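The structure displayed is predicted, hence computed values, not measured ones.
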Amino acid sequence: MTAHTRGVFRPSAEVRRILIIEDEPINQMILARYLEGNYSVLLASTGGEAMEIIHKEQDTISLILLDLNLPDIHGLDILSRLNADPRYARLPVIVVTADIKAEVDCLTQGAIDFIPKPYPPREIVLARILRIIELSEDRDVLRWTERDQLTGLYNKDFFYHHAVMLDDHHKTLLTDAIVLDINHFHTINDRFGRAYGDKVLQRIAEKALDLVSVSGGIVCRSEADTFYMYCPHQQDYGDILEKMSVDMDDEDEGAGSENRIRLRMGVYSSVDKSLDIERRFDRAKRAADTVKDSITQAIGIYDDAMYEREILADRLIEDFPAALREKQFQVYFQPKFNITADKPALCSAEALARWNHPGMGMVSPAVFIPLFEKNGMIQALDYYIWTESARQVRNWKDTLGVSLPVSVNVSRIDFLDPALVGKLKGIVEEYGLDYKDLILEITESAYIEEAGQIIETIEQLSALGFCIEMDDFGTGYSSLNTLASLPIDVLKLDMELIRSAFLDPKAKRLLEAIIKLAESIEIPCIAEGVETAGQTADLKEMGCDIIQGYYFSRPLPAADFMQFVREEEKQEV
Amino acid sequence: MVTIDALRQMGADVDDGLARCMNMESFYLDLVNMALKDPGFEKLSDAVKAGDNKAAFEAAHGLKGIVANLSITPLSNEISEMTELLRKDQEADYQGYVDRILDMRNKLSAL
């Protein structure tokens with residue numbers, strides 16, 4: 001780009017247009033001369049003429065200089081017409097008058113400044129005009145940035161800003177944070193096209209504006225198909241949802257008749273104003289998520305139970321670093337038995353994390369594992385479990401002379417760490433183990449999501465000699481044909497699959513088929529959650545190789561597990 | 001044709017008026033000549049004769065803006081005074097104002 005074009009292609013370098021509304025030719029001519037060279041000038045001698053020009057040229061006019069005493073329409077009337085019409089309200093008007101007493105009226109009607117008659121020197125008039133134009137342009141930019149262009153609603157940032165301002169002025173007013181989502185909006189776009197989807201969003205925006213115009217409050221389009229509403233506390237949320245739901249009719253291109261757009265709604269009622277505004281809407285959003293995909297329920301209310309869960313989650317996240325440091329996490333080991341021979345033989349164990357929280361006692365992994373998986377803390381916890389497990393394997397070798405491999409969980413998040421292979425290798429080396437001593441359990445869904453990168457890493461781990469166990473098989477996509485191509489040494493069947501197999505004959509046949517298929521590609525199967533001798537016998541008959549579950553033992557703390565191994569060894573002997 | 005000197009002699013603040021015309025003498029004098037021929041003078045005279053103070057005010061108000069911008073001070077002073085009286089709809093010798101205003105306008109026009 002040349003210096004020349006760089007200088008020209010800027011809005012401020014464009015010639016701005018100023019409309020002079022003045023019936024006296026001499027005054028017109030003086031003002032026009034004042035502006036010459038700096039602005040392009042449009043002239044109107046009557047109010048009627050002025051309104052016509054404004055109507056045609058509204059988008060290109062930067063400023064209006066308005067004389068009050070016009071032959072047809074009074075300048076004040078012109079001001080109020082401009083002010084009342086949203087198309088023209090953005091146009092800044094400077095009143096040019098010798099009548100100081102008219103100033104209050106002019107300001108009330110929307111004038112932005114005054115130029116007296118006789119006119120001040122040219123430099124002063126030009127400086128004043130430029131300042132007003134720049135201010136007004138800034139205001140326009142602000143207007144564009146604070147609005148969602150498709151719906152004209154506030155964007156989220158400005159919505160939050162205004163919500164905080166509303167709170168400042170209505171400190172004691174009970175207020176609701178409401179989130180509205182369109183059910184399956186992407187399918188609306190896919191089926192009827194983007195233009196139709198946009199129309200849906202615009203309709204909902206109109207409904208939302210109608211609603212808050214009655215109830216009070218503000219509304220914004222937060223993102224794609226999500227709307228936020230901040231309004232005085234309401235009694236009937238069903239009524240709000242009904243009013244917000246849109247029926248697209250035959251006039252709406254693309255869709256058939258009776259196409260009702262369904263919304264789901266999350267309400268955080270009578271918000272706690274000491275919370276950040278973002279947090280209040282997080283709560284409403286989470287409430288909305290509780291009814292996602294529900295056929296019977298469209299409104300989720302943030303309640304005490306959700307609050308309790310949130311408080312617990314906050315506390316656990318907060319306490320996590322200290323828990324790691326102080327070794328509050330304990331590794332429990334659940335034995336796995338090979339049942340292929342006549343007598344089941346202890347063949348390995350699974351390492352399971354337990355949190356002995358100083359204030360809360362034993363915290364269930366069902367509570368903290370999903371939480372840490374979500375925020376990435378699981379990486380640190382997994383590393384801790386791997387290290388502790390390796391330490392125990394070493395201990396059993398040294399103390400009992402037993403080589404018992406331990407399977408450890410490798411979360412999907414762990415694969416985001418480019419140093420993962422190095423870390424696992426480092427642990428094995430540190431404790432002088434064989435790679436076969438650590439079995440890596442990778443959940444089935446991890447193979448599907450971001451498959452490329454994950455499979456590449458698993459192949460590297462497999463090549464080193466780690467045994468790879470596909471965990472929870474049967475819960476996700478269960479794509480049997482991919483089993484052969486993936487680096488998997490063992491298939492671990494999901495607990496639910498096992499449980500349902502003993503309740504439903506059909507499920508049992510399915511389980512049998514899966515075991516047979518795995519057998520045909522020479523991948524042994526592990527069944528977890530096995531609780532009885534009957535189940536063990538059935539699984540053995542089906543061809544299952546390894547069993548894990550309460551039938552053999554619950555998960556045991558390291559010391560108890562060591563004792564368990566000792567006894568098993570004695571029995572062997 | 002009115003001149004800068006004649007305007008100065010009758011008390012106009014020519015420098016001020018010229019400044020509004022970017023010190024372009026010919027432009028300034030063109031505007032002064034236009035102002036002297038402005039139909040507002042006749043409208044003002046007719047309205048006063050007819051006793052129509054509202055119409056007189058509108059005419060005076062228009063003229064005031066023009067002559068003030070050109071800094072024809074004596075004319076501007078008379079018209080301003082008259083405008084303010086008319087704005088308040090006060091009793092005054094409006095015909096006297098019109099006579100003085102037209103006299104000044106005519107003298108300048110006669111040059």
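Between the side chains of A:Tyr230 and A:Asp167, at least one donor-acceptor pair of N or O atoms lies under 3.5 Å. Side-chain contact of A:Asp148 with A:Thr151: a donor-acceptor pair under 3.5 Å is present, judged by distance alone. One side chain, B:Asp99 or B:Gln95, offers a donor N or O that lies under 3.5 Å from an acceptor on the other.
Only the side chain of B:Met22 has a heavy atom closer than 4.5 Å to any heavy atom of chain A. Looking at B:Phe27, only its side chain comes within 4.5 Å of chain A, counting heavy atoms on both sides. If you measure heavy-atom distances from A:Arg33 to chain B, the contacts under 4.5 Å come from both the backbone and the side chain.
Between chain B and the options A:Asn69, A:Val125, A:Asp23, A:Asp67, heavy-atom pairs under 4.5 Å are most frequent for A:Asn69. Annotation: maximal heavy-atom pairing with chain A below 4.5 Å, among B:Ser80, B:Gly62, B:Ser71, occurs at B:Gly62. Interface remark: of the candidates B:Ala68, B:Gly40, B:Ser76, B:Ala35, B:Ala68 forms the most heavy-atom pairs closer than 4.5 Å to chain A.
Among residue pairs with one or both ends in residues 20-30 of chain B, those qualifying as salt bridge (Lys or Arg N to Asp or Glu O under 4.0 Å) are B:Asp16-B:Arg20; sequence neighbours excluded.
A cation-pi arrangement, defined by a distance under 6.0 Å to the six-membered ring centre and an angle within 45 degrees of its axis, is absent between A:Arg90 and A:Tyr88.
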